[in-house]
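Read the structure below first, then the notes.
These numbers come from a predicted model, not from an experiment. Every chain is numbered from 1, with letters handed out A, B, ... down the list of sequences.
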Amino acid sequence: GAGVSQSPSNKVTEKGKDVELRCDPISGHTALYWYRQSLGQGLEFLIYFQGNSAPDKSGLPSDRFSAERTGGSVSTLTIQRTQQEDSAVYLCASSLGSTGNTEAFFGQGTRLTVV
Amino acid sequence: AQSVSQHNHHVILSEAASLELGCNYSYGGTVNLFWYVQYPGQHLQLLLKYFSGDPLVKGIKGFEAEFIKSKFSFNLRKPSVQWSDTAEYFCAFLNTGTASKLTFGTGTRLQVTL
């Protein structure tokens, strides 16, 4: 596709359940980011993938959060045993990477509601 | 740790007023700088960017930003705001010396009144 695609666009889940959020970056983009945006909050960095390097996981808020990027393309963010405070919009972005044009392009986000 | 400070959290202006939103970043080396905008109900989109060259950068919709290296600043300006500029504005930077992540500020909510 032409842009960053995220699915699902909305997800309602029960507290304690696991969820998977998907991100399809722009083809050829080596860098991929996950951010979280809560109501009234800024953009909270979660995790960053750059090519074949080890991901920067420094923003993951707890060990319930994990992410992987398969084949250098699609990424999945997994939240285990969801809690109400996990409710937020999860944003994915991709870019050509730090050695090229570093402009990041964002997807529409996945709105997660934990009830 | 790398960080970005946006000092104005919520700004209210009347149409035609001038705008300046502050942004300071924490790294002293070579950086790429960005302003992103999020209109109500829409996704984040790039407003303007600075990689190198002329420190005065012009973006879409009449916005501009000036990179002042000595002040570690990249303030966003617009001479005359419109009601349609109501949005949230995010400053971001990336340290080009390492394969570092794009770091965002906490955002500034701009409300333009008629």
Give the cluster check for [X] versus [Y]: same hydrophobic cluster or not, with ILVMFWY residues linked at side-chain heavy-atom distances below 4.5 Å.
X        : Y        : result
Val81(B) : Ile60(B) : yes
Val11(B) : Val4(B)  : yes
Tyr35(A) : Leu21(A) : no
Tyr25(B) : Leu56(B) : no

Can you say whether Gln37(A) sits under 4.5 Å from chain B via the side chain, the backbone, both, or neither, judging by heavy atoms?
side chain
Is the ring centre of Phe106(A) less than 6.0 Å from the ring centre of Phe104(B)?
yes
Please look at Gln38(B) and chain A and tell me whether the side chain, the backbone, both or neither of the residue comes under 4.5 angstrom of a heavy atom of that chain.
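For Gln38(B), the contact with chain A is made by the side chain alone.
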Does any heavy atom of chain A fall under 4.5 Å from the side chain of Leu102(B), the backbone, both, or neither of them?
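For Leu102(B), the contact with chain A is made by backbone and side chain together.
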Starting from the C-alpha separation in whole Å, work towards a yes-or-no answer on side chain to side chain contact (heavy atoms under 4.5 Å, CB included) for Tyr48(A) and Thr103(B).
CA-CA 11 Å; Tyr48(A) 165 58; Thr103(B) 302; over 6 Å; no
May I ask you to check whether over 12 heavy atoms, not counting those of [X], lie within 6.0 Å of atom [atom1]?
X         : atom1 : answer
Gln42(B)  : CD    : yes
Asn52(A)  : CG    : no
Arg111(A) : CZ    : no

How close do Gly107(A) and His43(B) get, heavy atom to heavy atom, and via which atoms?
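That would be O-CB, 3.5 Å.
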Nearest 0.5 Å, please: how far is CG in Leu94(B) from OG1 in Thr102(A)?
5.0 Å
If I take atom CG from residue Leu44(B) and atom CD from residue Gln108(A), how far apart are they, to the nearest 0.5 angstrom?
10.0 Å
Might you work through the side chain to side chain contact (heavy atoms under 4.5 Å, CB included) test for Glu103(A) and Tyr36(B), ending with a clear yes or no?
CA-CA 10 Å; Glu103(A) 175 186 346; Tyr36(B) 281 83; 4.0 Å; yes
